[in-house]
Amino acid sequence: MRVHLPKSMRHLRYVVWAALLLVSSGSLLAQRQVMGTVTDEQGQPLIGATVMIKGSDRGTVTDLDGKFTIEASESDVLVISYTGYQTQEVAVGVDNVINVALAEGITFDEVVVTGYTSQSRRNISGAVTSVDAEEIQQIPTDNVAKVLQGKAAGVIVKTSGAPGGGVSLRIRGFSTINSNEPLYILDGIPTGPQAIQDLNPNDIESIQVLKDASAASIYGARASNGVVIITTKKGSVVGEPTLSVDMYYAVQQPGNLPQMLSPQELANVLWEAQKNAGLSPTHPQYGSSPTPVIPNYIIPAGAETADEAAYDYETNPITRANKQGTNWLDEIFDPAPERRINIAASGGSEKGQYYLSGGWYRQDGVVIHTNYERFSLRANTLFRIKDRVRIGENMMASYSEQVRIPGGIQGTGNAITMAMRMPTIIPVYDVGGNFAGTRAPGMNNPRNPVAMLVRNKDNVAKGLRLLANAYGEVDLLEGLTAKTSFNVELFNTVDNRVYNIRDIESAEPAASNSLSQRSDNSLTWTWTNTLTFSKHFGDHDLTILAGTEAIDNTYTYFGASRVNFFSDEIDYRQLDAGEAGINNFGNTFSNSLFSIFGKVDYAFKGKYILSATVRRDGSSRFGVANRYGVFPAFSAAWRISDEDFFNTDGPINDLKLRAGYGVTGNQEIGDYRYSSTFGPDIATSGYDINGTNNSVVVGFDSRVFGNPDVKWEETTGLNAGFDAILFDNRLGLIFDWYKYTTNDMLIEVDPPTTKGVAAPPFVNVGTMENRGIDLALTYNSPDKGDFSYDLSLNFSTYKNKVIKLAESDQVFWSGGFRTYDATRTEEGYPIASFFGYNIVGIFQDQAEVDAWAEQPGAAPGRFKYEDNNGTDEAGRLTGQPDGKIDAADRTYIGSPHPDFIFGATFNFRYRQFDLGLFLNGTYGNEIFNANKYFTDFVQTFTNSGKGVGLLDSWGYPGVDNASATHPQINLNAPDIELAPSTFYIEDGSYLRVRTFTLGYNVPSSRLGNAFSHLRIYVQGNNILTLTKYSGFDPEIGNGSYYGSRADLDIGVDRGQYPIVKSWMLGLNASF
Amino acid sequence: MKKILIFISIAAAIGLLFSACSDSFLDKKPQGALSEDVLANAKGVEALLIAAYAELDGWAGWSVGAPWYSAGSNWVFGDVYADDAYKGTDVGDQPQINSIERYEHDASNVYLIGKWRALYDGVSRCNDVLRVLAKAEANGTVDPGLANQIRAEARFLRGYYHMEAIKLWDYVPFIDENNAEALAPNDRIPWPEVEGDLDFAYKTLPESPRNGQVGRATKWAAAALLGKAKLFQQDYAAAKPYFDDIINNGPYELAPSFHDNFRIAGNNNSESIFQIQAAVNEGTNGENGNWGDVLNFPYTGGPGECCGFYQPSQNLVNAFKTENGLPLLYTFNDEDVSNDQGCTSGQPDCCTEDGSGNCIELYVPYQGSLDPRLDWTVGRKGIPYLDWGPHPGIAWIRDQAYAGPYSPKKNVFYKAEKGTGSTASGWAQGPNANNYSIIRYADVLLMAAECEVEVGSLEKARAYVNKVRARAADPTTWVMNDDGTPAANYQISTYDDPWTDQNFARDAVRFERRLELAMEGHRFFDLKRWGVAEQVLDAYLAVESTKRTYLQGADFKPHNVRHPIPQTAIDLSNGTLVQNEGY
């Protein structure tokens, strides 16, 4: 949440203008021309200030010289407002020229788009957060959703450093165990997070987040996770056409890279592991001596000499040992550039407006050969025909290319994990210059991460998205406007292929080279019709909205794959060239939504504000009986500071109390889940009944257990808060408390295990609760001289709790790594809590072992587990310690949910210089560092690369056992030590300098005629992070970004592509 | 006011206009999917039946569990859980098997729920057949004779899946097609229902597979399973007639070579009674091959290139020692068959360094006399590994210090078959078209021999055993070096002295069964039904733990004869299922 600041939000005037025009009408009487100039207190003209006739919907905005002209009658009162300045009212009287100087100060006059309509924040009774274009510009990013992190109270953003890698944006916690993806409304049209990824941030005018149910429920069945409304730029209605150029160049660097064991250290650890297991140490490379010997060659294994002339890539890939050790992480992480250029032309007149932009963005990842590139084009136009008709369009075309990290952004098999798992003795290349790998004996099975990345570099996923929206509106009568809008969104994977080159240097090489190619097509059309009636009469302001909306989406995919390609040449990587394994697949999904909605806003003297909405949605995702749902909402506000008894000259200048209640829905269960189906699947229902050895007859089995009774999930939300301006209009404060309860939560209820296997039915059984507070605070310096500053701070909390799941003792496991699950979701606990054993120490001696509960593999040097539970005869938990450590003793050991999150922005201006500092962070959350499974145990993938943590193991030479962090290194350590436990849990709190910016505005006197504005800046991003987390970075994104169960998986680090730090140089210019 | 009325009437008109057409607008039907009613005819039911067969390999998709959890070959629950095999590979890969191997697993082990889900998915597919078949019969779209055949195959499979569950857990629910909730108590062992299904199949199925499709169950397959079910209940007299029927009236004879049963070229041979049909390069990445055994190939460089699991135990190898051509029933484990354990300093051979960096070969395979079946069962250094050349020892072993020097061999393909008989695509190269035998004739002969021992016909038992041994004794069927000489010192003969002592006869039959069926997923279940699991396995652990240190402290306890009911199964049963005793 943010209150507007002086000199910021210049672009908002266009929104104001557009909003005014939406409701303006032309037939007026007894008018004359009044002219004037609006300035600040220093006499500088204010461009784009709003001048309105009080009590009407007529108005204008000031031009480049701060001048305005308006038709008014003698009895009219002009209301002059400008973002960041205090609104003034001036009676027209007999003067033909009215000059006004506005005083700076915080106001709540910004116009907020609330869905189908827009309103001044003054009159809003719900909880809405805004972020404007200027703030969006301050954060360099590919995806505008990332901008909201730390900028908008109550918004949680999870992401990674992967180029184009996806963002999870969550509003006020988690309302369901299914999809918590908010609804995105782009220029009035509902869309999804992928479209936001394709959106050029430069084109955005403002973002509004409808947080509470009373604000969001106008979007009914899809609004229970909040609504993000994004408005793109329109042209100006005054002045000359302008051309603006924005560009930056950044150099990104990886953050913390964990330290891995050197070849000698790893060999020593392996010796220790065998000795402690009662074995005499031996290794195919390091010999059988009492101490390991690092050989000169690893192929031939353990050799001191080799006939390098006999090298053959296929049969004799001679490989030297890298005795110093290969720093695999350093090999795959390199500084990389990020660039963005945007050129936009905009302008217009009272007869029409246009905005045209072209943008290019390219981010090369800090992991080599990963990148994302986007070309985008936008054309927004609006024509005003006579006084009553407006026709416009918004069009976006976005083409992107992406090379992803092989193995996934978060995957235990990705190149980052492999870089930790590769023994450091293996060089990147063998003596023949080909990739070296774990084909060398005694190296376990990781794959050469450099090879993975290099071989993957040409696997470019290309996608094209088109959004085209045309709308028309007519003023039927004064105050009555009809609008129709038709939108088409088309997405196509232009080319999405993955070609795998064989990795014969690996211990477990792929069977063959292969190509798979896939095409995804999605077509959505949306048709919206609204009728708006708006009227001021006396002290009453009334707006009524009614509308219908129809949405239809069809998604089709198909793909094919082949194996065995004669050549890996890039020109040969076509399906036709594959010799075997001819495969194909494809299907279609579709859904539709039809809605009728209405909204009434009423205000009395601007003091008593009421709002009511209702929406009836019909969805194809539910069976005939439950197809329709009704979602009502009410809210009210009281501007107590307008009451006579309230002294606005005191410390509180403005105070509005707000409260709201609303019902919203969630239908994200996928398509057709009301219906049970059978289908063929060659892999699981095909059988070689004829005994051919090379063909199958494909049968049918259950695919989906449908639930014909499935219906909406409903979230009921309560919100209460206040907006206040204090201390001579210097301090703005917005506070909200909320409580949401989701009922009939849609859960895939696993049927009895004896029922067989199919997609489980979605059943409405669960309940979840979220409560929390959002606080936003803004302070503007009083100084009007050369130096000024402003501060803003936001702070939010949420408490999530699963109240009820399906009827049995249902739990949801997630956060999988190898064969374990790190998180569990269960009644009475927050979603995705970490679950495992509680380690209370390391056994120091046998006496301690004997005195402790019976524990598998208990011995001095082993982890000591807490006995906190047991099972009865029937295998059910008793809740009582039973003297035995077993699976029953697993418990909740941590939470990915923070106690609070916050962001703080400081802006300082001195003459032509500006300096900005933006901090953000979280406190009280934990991270499940699943990488430790690979790096901190010798018995997992023995012989593979390990982390330096093992050097602090109990019993290791030179270690003080009493303070050792790791158990004794032992090949025969009990499996229980690998299971999820507090050993993996780390503090995930952090405080980071998200951006540090120093800008210089070239004085207009030096610009000459070429430029009207020129700013040059340097910026550091994520340059300092304070955290105790030992991994790459404490910001852990989701395991998957667009899945319906993505939030059961939060806070688990499986070798995530880390967030990067960067330094950039940027330029904003307009002509 | 007038404006408001206009507003309301326009709004209402728009609303009506759209709500009128919205019902059809909101009708979206599943694409590319079938409803049960569409399948209620002969063709549909046949397709459902194919899917019921398809579950024999234990594979129901990654969302259910990894294929190795639920392998139709039972390599984990039959052999690793017994004395035939170790988990193999290295300690950290698939650690859930470590606790199974140490008899410390609990109800949360993923292997248990994986296997359970696969078996009951098989059951549910059979029930889908039976339920939809009834609909098809009711609407007259299936010929009654055909319907009965389909019913018999589905019931055969349903009996089989339940019997597999009984083998692991004993107390399992029996789910039939009329049980819509698919919930039933597990308060007893449902042998009567299993036998009911198998008996119906026995009485209904043809003697040769329907449509000539070798994958289908026959009367003989049903007989063999029925006999085996009786053996599990120690009812030897009741079991015997089924085996006699197969031996006297069935079309089976032992394949010429023991090895024919473990090679693609030998699929569905004269010895095969019921096999899981494997196919590769059929359009998947090996999922219809011996997919549950995808991990069970030598490590790096050899066939499969992954992942080094399922390594035969030293105890098993020792069992193949012979003296005068006969096994050492009571002393086989006193001395080890020598091996290349600890042989590390060079590849591919075990060498000593001659002072100038050259290798002097040291390793000589075991010279003592051995049963030739060993080298079709176990891969060991220096012995030809099919046509892959001599097994190179440690080069094919992932972590010899952990899991010893041996490789599995019965599920492997020939080098000449690579890419045709084995998968040419996917992440693993091991899955191949080698069928797994659920029941083969040698198995039936040895089960019959068990019956004869128990009913007192020792000589008849000896004849059956000798029939099996005689086949193995044919020198033309042995593993040979390139020069045509036997790969090892093979000495095998038949039992030529009459059997007079029932105890000896029993021990000899049981020992023969181990040798003949080693590494075929039967061992633990045999120990279990003989009631000797605890005795045999504790003796095994005592010795084996000196070689495999990770077995130290492991202990087979009486309740380990059955596994814990998977916790998930209990949790999702609404209180219907209860845990087995001891867990």
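Convention: sequence-line order gives letters A, B, ...; per-chain numbering from 1. Because the structure is predicted, anything quoted here is derived from the model rather than measured.
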Taking [options] one by one, which has the highest count of heavy-atom pairs under 4.5 Å against chain B?
options	value
A:G756, A:S676, A:G598	A:G756
A:P509, A:G278, A:G706	A:P509
A:T692, A:L593, A:N584, A:I504	A:L593
A:G581, A:G679, A:A973, A:A510	A:A510
A:D975, A:T754, A:T677	A:T754
A:V757, A:L978, A:T940	A:V757

- Message: Would you call the rings of B:F25 and A:F594 parallel, tilted or perpendicular, taking 30° and 60° as the class edges?
- Response: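 Plane angle over 60°, so perpendicular.
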Which atoms of [X] come close to chain A, meaning under 4.5 Å heavy atom to heavy atom: side chain ones, backbone ones, both, or neither?
X	result
B:A184	neither
B:E46	neither
B:A428	backbone
B:F174	neither
B:Q96	side chain
B:L39	side chain
B:A424	both
B:I264	both
B:I113	side chain
B:S108	side chain
B:V64	side chain
B:P95	both
B:R117	both
B:Y299	side chain

Can you tell me how far apart [atom1] ([X]) and [atom2] ([Y]) are? Round to the nearest 0.5 Å.
X	Y	atom1	atom2	answer
A:D701	B:D128	CG	CG	7.5 Å
A:K755	B:D121	NZ	CG	11.5 Å
A:S685	B:L48	OG	CG	9.5 Å
B:N288	A:T684	CG	OG1	8.5 Å
A:D750	B:T568	CG	OG1	8.5 Å
A:N583	B:T284	CG	OG1	7.5 Å

Pairs of heavy atoms under 4.5 Å with chain A: top-ranked of [options]:
options	result
B:N98, B:N179, B:T423, B:N281	B:N98
B:G283, B:A107, B:A33	B:G283
B:A569, B:A118, B:G61, B:A52	B:A569
B:R398, B:E287, B:E104, B:E581	B:R398
B:R125, B:R216, B:E282	B:R125
B:V38, B:V110, B:I175	B:I175

- Task: I would like to know whether B:D27 and A:R627 meet salt bridge (Lys or Arg N to Asp or Glu O under 4.0 Å); could you show each step before the answer?
- Result: CA-CA 10 Å; B:D27 258 339; A:R627 202 166 260 175; 2.9 Å; yes
- Task: Start with the C-alpha gap between A:N444 and B:D90, add the side-chain angles, then the distance that decides, and say whether side chain to side chain donor-acceptor pair (under 3.5 Å) holds.
- Result: CA-CA 9 Å; A:N444 212 286; B:D90 73 1; 2.6 Å; yes
- Contacting region of A:A277 [heavy-atom separation from chain B under 4.5 Å]: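 Both the backbone and the side chain of A:A277 come within 4.5 Å of chain B.
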- Does any heavy atom of chain B fall under 4.5 Å from the side chain of A:P281, the backbone, both, or neither of them?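 A:P281 has no heavy atom closer than 4.5 Å to chain B.
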- Query: Should B:Q31 and A:N587 be marked as a side chain to side chain donor-acceptor pair (under 3.5 Å) after you check the CA-CA gap, both sets of side-chain angles, and the distance that decides it?
  - Reply: CA-CA 7 Å; B:Q31 306 290 294; A:N587 208 341; over 6 Å; no
- Check B:P30 against A:Y674 and note the closest heavy-atom contact, atom names and distance.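 Between these two residues, the closest heavy atoms are CD-OH, 4.0 Å.
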- Among A:N276, A:N970, A:N972, the one residue meeting side-chain hydrogen bond (donor to acceptor under 3.5 Å, both in side chains) with B:T549: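 The passing option is A:N972.
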- Please assess B:Y402 against A:Q939 for the test side chain to side chain donor-acceptor pair (under 3.5 Å), listing each intermediate value before the final yes or no. CA-CA 10 Å; B:Y402 172 71; A:Q939 68 271 33; over 6 Å; no
- Give a yes or no on whether a salt bridge exists between A:D552 and B:K28, defined as a side-chain N under 4.0 angstrom from a carboxylate O.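 Salt bridge between A:D552 and B:K28, a charged N being under 4.0 Å from a carboxylate O: yes.
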- Message: Any salt bridge linking A:R818 with B:D93? Criterion: basic side-chain nitrogen under 4.0 Å from a carboxylate oxygen.
- Response: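 Counted as a salt bridge, because a side-chain N and a carboxylate O are separated by less than 4.0 Å.
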- Heavy-atom neighbours of B:E181 CD exceed 12 at 6.0 Å: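 12 or below, so no.
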- Contacts of type side-chain hydrogen bond (donor to acceptor under 3.5 Å, both in side chains), residue B:Q277, not counting sequence neighbours: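 B:Q277 satisfies side-chain hydrogen bond (donor to acceptor under 3.5 Å, both in side chains) with B:N268, B:N435 once adjacent residues are dropped.
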- Message: Restricting to ring-ring contact (aromatic ring centres under 6.0 Å, His included), what partner residues turn up for B:W62, sequence neighbours left out?
- Response: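 Once residues adjacent in sequence are excluded, the partners of B:W62 under the ring-ring contact (aromatic ring centres under 6.0 Å, His included) criterion are B:W59, B:W68.
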